[in-house]
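These numbers were taken from a predicted model, which means no experiment stands behind them. Chain identifiers are assigned alphabetically (A, B, ...) following the order of the sequence lines, protein sequences preceding nucleic acid strands; residue numbering begins at 1 within each chain. Note: hydrogens, waters and symmetry copies are ignored here, and every other heavy atom, side chains too, is used.
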Amino acid sequence: MPELPEVETIARRLDQCATGDVIESVWLGTKPEPLKSSALEIARVLEGSRIGGVRRVGKHIVFDLERNPVARTPRSARSRKPRPARAGSKTRPAQASATTPGVAGKASLELAEGGIRSAHAAARQSKSQWIVHLGMTGRLQLCGPGDEVLKHTHAILQLASGRELRFVDPRRFGRLSVTRDAAFEAAGFEPLEVELDRFTVLFHGRNTPIKSALLNQKLLRGVGNIYADESLFRAGIRPRRRAASITQEQLRRLFLSVKEVLQEAIALGGSSISDYVDADGEEGSFQFQHRVYGREGEPCLVCKTPLKRVVIAGRSSHYCRKCQK
DNA sequence: ACTATTTCCTGGATGC
DNA sequence: TGCATCCAGGAAATAG
């Protein structure tokens, strides 16, 4: 499950490997499309754009796109349908292979309603961005055109280098979107950048469990279930503690713990649980550093007390009842 | 205005 | 072996 360290790892890798490449054409799957922007809008922003850089904002991956106003990708690039032969293609829904963004039913409808044309013009002249949220099981993979297209591939970007950037997401919690004029904005503070006093204020007067507050992306962006539990353990705070009841000194420890955990995890390439791998298929190794997450019933590494697991806001939360108060 | 719960989604694990 | 059921969880939507 990609949280801040995993997303940071992926974004760094993509920034190294994909920056400078040009997106020649885009294929998007259909149906409960994992899209926040329409397929047509995404295709129009991406096609013909150069990847200026890739970075992380919270749990989002942001591709900064640059566009040469003169060299517009010709229509033919969009209408051709270069689907590589793939293993297991008969199991894929037939509609998927035929879906060129421009001809999707929903997209055509929007075109008929107008408004797209002006959007198109805006995309041509301004800097735009491609925003990817990986959700639970989303992956961005950089691969050769001959590589097998995995089941649950929802987007394929053909790059000028001959490679393909693919978005694969079995559980479909991931989301793709684009921005045109405005830069992508995310709520909340970056946990690795926020200062102590701002961090402290976030929890003032909140009657919600501190675990929930840490997961609230409008407060801090990027902390997910694993790193919330790990941070709370290191800070000695029980996940159910009401945010408002936590002392300044404890908040200071939490502040430091959050940064420490995230930094250590980034250094190890994130935690590979279930199926997380970065853009090159590399696994992280921070999962071996987990002190409480996924260790219910196992002895606390500090005091040997069996670790507890409770459910808070629908998420399993792991802690040591002796070390955390 | 807040907080809590439900919903989305599929693969893998579990149980009978 | 096979089939049903449960579980994982980010964030938006809905309910309280």
Side-chain angles (χ1 to χ4, degrees), chain A residues 1-8 10-11 29-37 56-62 88 91-93 96 131-140 149-155 167-177 184-191 201-232 239-246 258 262 265 270-277 283 286-287 290 292-297 307 309-319:
Chain A
M1 44 216 78
E3 302 179 25
L4 188 151
E6 292 77 32
V7 177
E8 177 71 27
I10 293 166
T30 49
K31 276 308 143 27
E33 59 274 317
L35 312 177
K36 293 178 84 174
S37 313
R56 176 194 62 77
V57 175
K59 295 175 192 169
H60 300 267
I61 298 170
V62 178
T91 66
R92 299 260 322 261
I131 315 298
V132 179
H133 193 297
L134 298 172
M136 278 287 293
T137 53
R139 288 166 58 173
L140 279 172
V149 176
L150 298 180
K151 197 176 172 186
H152 307 298
T153 296
H154 304 302
F167 175 64
V168 185
D169 183 15
R171 222 164 289 180
R172 291 174 171 271
F173 278 13
R175 290 291 178 269
L176 307 181
S177 63
F184 171 69
E185 288 182 45
F189 292 104
E190 279 293 333
V201 161
L202 292 177
F203 305 102
H204 275 173
R206 294 198 177 264
N207 198 33
T208 194
I210 184 64
K211 171 72 182 279
S212 298
L214 285 174
L215 294 178
N216 185 344
Q217 303 295 298
K218 291 184 173 62
L219 303 180
L220 289 177
R221 60 189 190 215
V223 178
N225 206 38
I226 295 173
Y227 299 105
D229 280 6
E230 294 297 320
S231 300
L232 288 167
R240 270 207 222 276
R241 276 280 298 280
R242 300 282 139 178
S245 78
I246 299 176
V258 167
L262 294 176
S271 303
S272 284
I273 292 193
S274 83
D275 49 8
Y276 161 76
V277 288
E283 294 191 355
F286 191 74
Q287 64 275 20
H290 293 175
V292 287
Y293 183 85
R295 299 192 60 237
E296 178 187 8
L307 297 176
R309 186 182 77 91
V310 297
V311 174
I312 300 171
R315 309 285 143 63
S316 46
S317 304
H318 313 73
Y319 69 97

Interatomic distance, [X] [atom1] vs [N] [atom2] [rounded to whole Å]:
X	N	atom1	atom2	value
A:Arg172	C:dA12	CZ	P	18 Å
A:Asn216	B:dT3	CG	C1'	11 Å
A:His204	B:dC2	NE2	P	15 Å
A:Arg240	B:dT3	CZ	C1'	15 Å
A:Leu176	C:dA11	CG	P	15 Å
A:Ile312	B:dA4	CD1	P	11 Å
A:Leu202	B:dT3	CG	P	13 Å

**Prompt:** Looking at residues at least two apart in the chain, or sitting in another chain, which of them share a side chain to side chain donor-acceptor pair (under 3.5 Å) with A:Ser231?
**Reply:**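 Expected list: none.
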Results of ring pair (Phe, Tyr, Trp, His ring centres under 6.0 Å) for [X] - residues two or more places apart only:
X	result
A:Phe286	A:Tyr227, A:His290
A:Phe184	A:His60
A:Phe203	A:Phe199

Residue list, salt bridge (charged side-chain N to carboxylate O under 4.0 Å, His left out) with [X], at least two apart or on another chain:
X	value
A:Glu190	A:Arg56, A:Arg221
A:Arg309	A:Glu296
A:Lys59	none

**Message:** What's A:Arg242 touching, base or sugar-phosphate or nothing? Going by heavy atoms closer than 4.0 Å.
**Reply:**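 Since only primed, P, OP1 and OP2 atoms lie under 4.0 Å of A:Arg242, the category is sugar-phosphate.
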Ignoring backbone atoms, test whether [X] places a side-chain nitrogen or oxygen under 4.0 Å from the OP1 or OP2 oxygen of [N].
X	N	answer
A:Thr208	B:dA4	yes
A:Lys151	B:dG11	yes
A:His152	B:dG11	yes

**Request:** For the residue pair A:Lys151 and A:Val168, establish whether any side-chain heavy-atom pair is separated by less than 4.5 Å.
**Result:**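 Sidechains of A:Val168 and A:Lys151: no contact.
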**Message:** Taking the side chain as everything from C-beta on, heavy atoms only, tell me whether A:His204 gets closer than 4.5 Å to A:Val201.
**Reply:**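 Sidechains of A:Val201 and A:His204: in contact.
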Show me the protein contacts with nucleotides 8-10 of chain C, counting only N or O atoms at under 3.5 Å.
residue : atom : partner  : partner atom : Å
C:dA8   : OP1  : A:Arg309 : NH1          : 3.2
C:dA8   : N3   : A:Arg171 : NH1          : 2.7
C:dG9   : OP1  : A:Asn225 : ND2          : 3.2
C:dG9   : OP1  : A:Tyr293 : OH           : 2.4
C:dG9   : OP2  : A:Ser316 : OG           : 2.8
C:dG10  : O3'  : A:His133 : NE2          : 3.3
C:dG10  : N7   : A:Arg315 : NH2          : 3.4

**Request:** Determine to 10° how strongly the helix from B:dC2-C:dG16 to B:dC16-C:dG2 is bent, judged from the axes of its five-pair ends.
**Result:**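 The angle, to the nearest 10 degrees, is 60°.
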